[in-house]
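Scroll down for the structure; my scribbles are underneath it.
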Amino acid sequence: MARIVMKFGGTSMAGTERVRRVANIVRRQQAAGHEVAVVVSAMAGETDRLVNFCREANPVFDPAEYDVVVSSGEQVTAGLLALTLRALGCEARSWLGWQLPIRTFDSYSNAKIDSLDVEGLNASMAAGEIAVIPGFQGVSEEGRVTTMGRGGSDTTAVAIAAAIGAQRCDIYTDVDGVYTTDPRIVAKARKLKAVTYEEMLELASVGAKVLQTRSVGLAMKEGVRVQVLSSFIDDDATPADELPGTLIVDDSEMEEIRKAHGMERQVVTGIAHDKNEAKIILTRVPDKPGAVAHIFAPLAEASINVDMIIQNVGRDKGETDVTFTVPQNDLPRAQAILESKRDDIGYNRIITDNRIAKISVVGVGMKSHAGVAADMFRSLAERGINIQAISTSEIKVSVMIDEDETELAVRVLHTAYGLDASDEDA
Ligand code: ASP
Ligand code: MG
């Protein structure tokens, strides 16, 4: 017997019919002999609808009241799932964020978990009751409801798994795992049996939107084994315990899985693309100490995440162009801030461009293998794709290209790194 946390996303919870399907999956997991806690998202589209109500009610963003409104979607699905499980003859009850409680710091609308009290939960699960927990919500130090940022139910699930010592946190979604790249772009994309936390962090943060990035960081920190798998399955589908999805694990378990399945060690594990960045160029910035600090300090203060940065070689006497990227949503704000600081920074022109994409190749194999970046640049050059900026980490190489070339670049790289499924795999 083990403890399992099961998390169901918005598409899995959209409507009573789908909630019944979910209840059946939960019942089967319990029947396999496990103690089960379930974390749910709001029905697909519901959180967006609630966000819009807030905007209509008051154009000025009030994060504390926003949380009161947007957290309600998960309260509905948690209650409905408990009701449906009971209709199937299971013992089940819901536990709202404040009831457990899941304590968070007072940063409304994007709260971080401080601590979790699972005494009541443990007792109820040990007595055979299925615990149903709304994702995304917690309670602040001052006793008000908080939410954990969009996609935050994944983080709730991982936090619960860590707190109750679950053997696994299964994230049920509308895809059956994590793929080498977006299967809508590359028909020969392959489902990965397993990835490491580090790889998943890079893939999640560069646009492979399967899990909230923060949940992966938490899983890595707490050593929670996560499986991504589909909830759109038949009764005779492979049981979750036989690991039909993609496991997210540490390096040593990854190594065991590789050996057990006779898998080759790949240098590149996956290719991600992200069209949600925008480029900013400041021309003729003074080429002297402190100049870039003047650019990036005010952006950091406004919590705008700057990603790729390049500073060109000074062209004329003592001047240089600085190019960088920010999330597309933040572009208007970033532009306004930079314009207001124009005298401090001392640039000539500000040029912005939304039509860029970031393509990243990710793999732990890069740590011990040289030449990955060179292969990437050569493959792109052969297809006439121009690289506008580059950034790297220990396990990732990213390039900025024209947005129109995204699909071509992903396909070319998927083939170049030997990731295409062979016909036998299909
Ligand atoms: N319902 C929230 C959202 O749509 C949280 C979640 O589903 O993870 O962002
Ligand atoms: Mg999600």
Side-chain angles (χ1 to χ4, degrees), residues 5-16 18-19 21-22 25-26 37-55 61 63-82 94-98 100 102 104 107-113 116 132-140 145-162 169-175 178 200-201 203-205 207-219 224 226-232 245 248 276 327 329:
V5 171
M6 309 171 75
K7 183 260 169 179
F8 293 89
T11 43
S12 308
M13 297 300 289
T16 43
R18 290 191 182 175
V19 173
R21 184 212 305 266
V22 164
I25 297 173
V26 172
V38 190
V39 175
V40 294
S41 280
M43 294 190 194
E46 179 64 9
T47 308
D48 288 340
R49 198 174 74 98
L50 297 168
V51 169
N52 276 328
F53 283 148
C54 293
R55 284 203 192 109
F61 181 59
E65 296 304 344
Y66 164 97
D67 282 354
V68 174
V69 177
V70 301
S71 62
S72 65
E74 273 76 8
Q75 174 160 340
V76 171
T77 47
L80 285 177
L81 180 58
S94 60
W95 298 82
L96 301 185
W98 62 269
L100 280 170
I102 299 176
T104 66
S107 49
Y108 297 97
S109 88
N110 195 19
K112 307 236 171 353
I113 296 177
L116 237 154
V132 185
I133 298 143
F136 185 48
Q137 61 172 253
V139 59
S140 69
V145 66
T146 53
T147 64
M148 300 172 206
R150 296 306 303 269
S153 296
D154 296 333
T155 299
T156 307
V158 170
I160 297 274
C169 180
D170 283 342
I171 308 269
Y172 286 85
T173 175
D174 51 1
V175 293
V178 179
M200 195 61 210
L201 268 178
L203 289 169
S205 68
K209 293 264 166 291
V210 198
L211 293 176
Q212 194 194 35
T213 308
R214 204 197 285 174
S215 72
V216 185
L218 185 63
V224 174
V226 175
Q227 177 178 213
V228 175
L229 71 175
S230 175
S231 70
F232 293 86
I248 306 166
N276 293 319
N329 286 338

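Every value quoted in this text rests on a predicted model; they were computed, and no experiment measured them. First listed ligand is number 1; within each ligand, the first listed atom is number 1.
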Does the residue [X] have a heavy-atom contact with ligand 1, meaning some pair of atoms that are separated by less than 4.0 Å?
| X | answer |
| --- | --- |
| Glu74 | yes |
| Gly73 | no |
| Gly135 | no |

### Message
Restricting to ring-ring contact (aromatic ring centres under 6.0 Å, His included), what partner residues turn up for Tyr66, sequence neighbours left out?
### Response
Phe61

#### Entry: Residues in ring-ring contact (aromatic ring centres under 6.0 Å, His included) contact with Phe136, at least two apart in sequence or another chain
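Phe136 satisfies ring-ring contact (aromatic ring centres under 6.0 Å, His included) with no residue once adjacent residues are dropped.
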
Considering the heavy atoms of [X], write down every atom of ligand 1 situated less than 4.0 Å from one of them.
| X | answer |
| --- | --- |
| Ser41 | 6 (C), 7 (O), 8 (O) |
| Arg150 | 3 (C), 4 (O), 9 (O) |
| Thr47 | 1 (N), 2 (C), 3 (C), 4 (O) |
| Ser153 | 5 (C), 6 (C), 7 (O), 8 (O) |
| Gly151 | 3 (C), 5 (C), 6 (C), 8 (O), 9 (O) |

Do the non-hydrogen side-chain atoms of [X] and [Y] ever get within less than 4.5 Å of each other?
| X | Y | value |
| --- | --- | --- |
| Asp48 | Arg150 | yes |
| Thr213 | Leu211 | no |
| Val145 | Trp98 | no |

### Query
Less than 4.0 Å between a side-chain N and a carboxylate O, is that true for Asp154 and Lys7?
yes

